[in-house]
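Everything on this sheet refers to the single structure shown next.
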Amino acid sequence: TLLRQIAVVEPPNSLKPAVAQALRAQALFETKILEMIAKVKAGADPQKTLKAYQPAFKRLNDAANVLWRKAGLAKCAG
């Protein structure tokens with residue numbers, strides 16, 4: 001996944017804590033997406049499932065974007 005590709009890049013020591021925090025937030029967002037996909041594959045209605053997950057997606061994505069910007073990596077923010 002893209003997250004794995006980002007995680008292997010070694011940030012400067014001064015950015016390591018902030019980048020680690022942003023990566024954790026991004027991983028939560030990605031996990032939620034995979035959870036939704038699994039539900040759809042298991043037979044859930046795609047439109048209803050997406051609608052139900054959208055608030056969580058927005059919250060998690062917004063949180064990750066804030067952390068990417070705090071880490072000085074605005075290009076990683078959506």
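- Rounding to the nearest 0.5 Å places CG of Leu34 at 9.0 Å from NZ of Lys41.
- Heavy-atom minimum distance, Pro17 versus Asn13: CD-O, 3.7 Å.
- Linking ILVMFWY residues whenever their side-chain heavy atoms come closer than 4.5 Å, directly or via other members, places Leu50 and Phe29 in the same cluster.
- Annotation: salt bridge (charged side-chain N to carboxylate O under 4.0 Å, His left out) contacts of Lys48 (sequence neighbours excluded): none.
- Residue Phe57 is grouped with residue Leu60 when hydrophobic side chains (ILVMFWY) are merged at heavy-atom distances under 4.5 angstrom, including chains of intermediate members.
- Sorted by first then second residue, the salt bridge (charged side-chain N to carboxylate O under 4.0 Å, His left out) pairs that include residues 8-19, not counting sequence neighbours, are Glu10-Lys16.
- Here the shortest heavy-atom pairing between Thr49 and Ala44 reads OG1-CB, 3.3 Å.
- With rounding to the nearest 0.5 angstrom, the CD atom of Glu35 is 13.0 Å from the CD atom of Glu30.
- To the nearest 0.5 angstrom, Arg59 atom CZ is 9.0 Å from Leu28 atom CG.
- Taking all atoms of both residues into account, the shortest heavy-atom contact from Ala71 to Leu15 is O-CD2, 3.3 Å.
- Summarising the geometry, atom CD belonging to Gln26 is positioned 13.0 Å from atom CD belonging to Gln21; distances are rounded to the nearest 0.5 Å.
- For the pair Trp68/Leu23, a side-chain contact is recorded, criterion being any heavy-atom separation below 4.5 Å from C-beta on.
- Scored by the side chain to side chain donor-acceptor pair (under 3.5 Å) test, Lys70 finds no partners at all (sequence neighbours excluded).
- Residues Leu67 and Leu73 are members of separate hydrophobic clusters, defined by side-chain heavy-atom contacts under 4.5 angstrom among Ile, Leu, Val, Met, Phe, Trp and Tyr.
- With values rounded to the nearest 0.5 angstrom, Lys58 atom NZ is found 8.0 Å from Asn61 atom CG.
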